[in-house]
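Worksheet: one structure, shown below.
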Amino acid sequence: MRLASLFLLVLAVPVAAQTGPQPGTCVLGTAQNDLDVNNVFGRVFNTGSLFYGNTTTAGDGYLVPRTSGRSPIFASGIWVGGRVGGELRVAAATYAGFNFWPGPLGPDARPVDPNDCSPYDRIYTVSRGDIANYYATGRPSDDLRDWPWRLGAPVLDGDGVADNYDLAAGDQPAIRGDQTVWWLMNDVGGPHTANATPPLGVEARVEAFAVDRPPLSQTT
């Protein structure tokens, strides 16, 4: 029997005032990226959807084994809910009406630009192979070069200087497993049409990662 295991690390940072932040008018993100170093293929999006969205249809965004063409997961997503002052608030969706938009929240619990989240519409992926290739050739991949440490992406300090990211001095992304995909999103960029609740006011920093060796070669 083949088993597929799925783990996702989501750091949800609540920053909202009790009255709730005013939703922005951002359009949904279009970024997508893949976990593809092991025997599992997983496509992720920065809308709160997993394995289903953009150019991926339900049933083919998560494959085990990756060449099988058959998915154990039809579709999935990141759901966050809670009560604020006794009021239920939810950031969740199924196949439409997604409740997350790209980018961080500011001190007022609203996006940096509530009308345009597109500057943050990107998902970054770095593998141990990318890092090894950089040390061998001096040529970083785009995502290794642009690792968004200022947005909270974790960094392994190699130069003894806190709060910076300098590849040439020895810093590198603090990836988990053999490949890490990292993205940042928030639930205030637009109205919650799927569940008709006010935003929670959370900034979600998400890491999905895969291991490229037994016995975890079918684990993400």
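Note that the structure is a prediction, hence the values are computed from the model and not measured.
Cluster annotation: Val181 and Leu156 are assigned to distinct hydrophobic clusters (Ile/Leu/Val/Met/Phe/Trp/Tyr, side-chain heavy-atom contacts under 4.5 Å, transitive). Hydrophobic clustering (side-chain heavy atoms under 4.5 Å, transitive across Ile, Leu, Val, Met, Phe, Trp, Tyr) keeps Phe98 apart from Trp79. There is no path of hydrophobic side-chain contacts, each under 4.5 Å, that joins Trp183 to Val126. In the hydrophobic clustering of this structure, Ile131 does not group with Val211; members are Ile, Leu, Val, Met, Phe, Trp, Tyr whose side-chain heavy atoms approach within less than 4.5 Å, directly or through other members.
Taking the six-membered ring where the residue is Trp, Phe74 and Tyr95 present perpendicular rings, their angle passing 60° and hence far from 30°. Between Phe51 and Tyr62, the ring planes lie tilted relative to each other; the angle falls in the 30° to 60° range.
Atom CG of residue Leu200 and atom NE2 of residue His192 lie 7.0 Å apart, to the nearest 0.5 angstrom.
Crowding of Asn115 atom CG: a count of heavy atoms from other residues, nucleotides or ligands under 6.0 Å exceeding 12.
The backbone N or O of Ala91 lies less than 3.5 Å from no partner atom in the side chain of Asp187, so there is not a single donor-acceptor pair. A distance-only check finds no donor-acceptor pair linking the side chain of Asp143 to the backbone of Ser141 [under 3.5 Å]. Side-chain N or O atoms of Asp171 include one that pairs as donor or acceptor with a backbone N or O of Gly158 at under 3.5 Å.
A donor-acceptor pair shorter than 3.5 Å cannot be found between the side chains of Ser118 and Asp121. Between the side chains of Gln218 and Asn39, at least one donor-acceptor pair of N or O atoms lies under 3.5 Å. Looking at Asp159 and Asn164, their side chains do bring a donor and an acceptor atom within 3.5 Å of each other.
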For a salt bridge (charged side-chain N to carboxylate O under 4.0 Å, His left out) check, start with the C-alpha distance between Glu87 and Arg89, then their side-chain angles and the critical distance, and finish with the verdict.
CA-CA 6 Å; Glu87 179 185 44; Arg89 300 184 189 177; 3.1 Å; yes
Give the intermediate values and the outcome of salt bridge (charged side-chain N to carboxylate O under 4.0 Å, His left out) for residues Asp36 and Arg43.
CA-CA 9 Å; Asp36 58 0; Arg43 178 158 290 170; over 6 Å; no
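In the hydrophobic clustering, Phe41 connects to Leu63, either directly or through intervening members, whenever side-chain heavy atoms lie under 4.5 Å apart.
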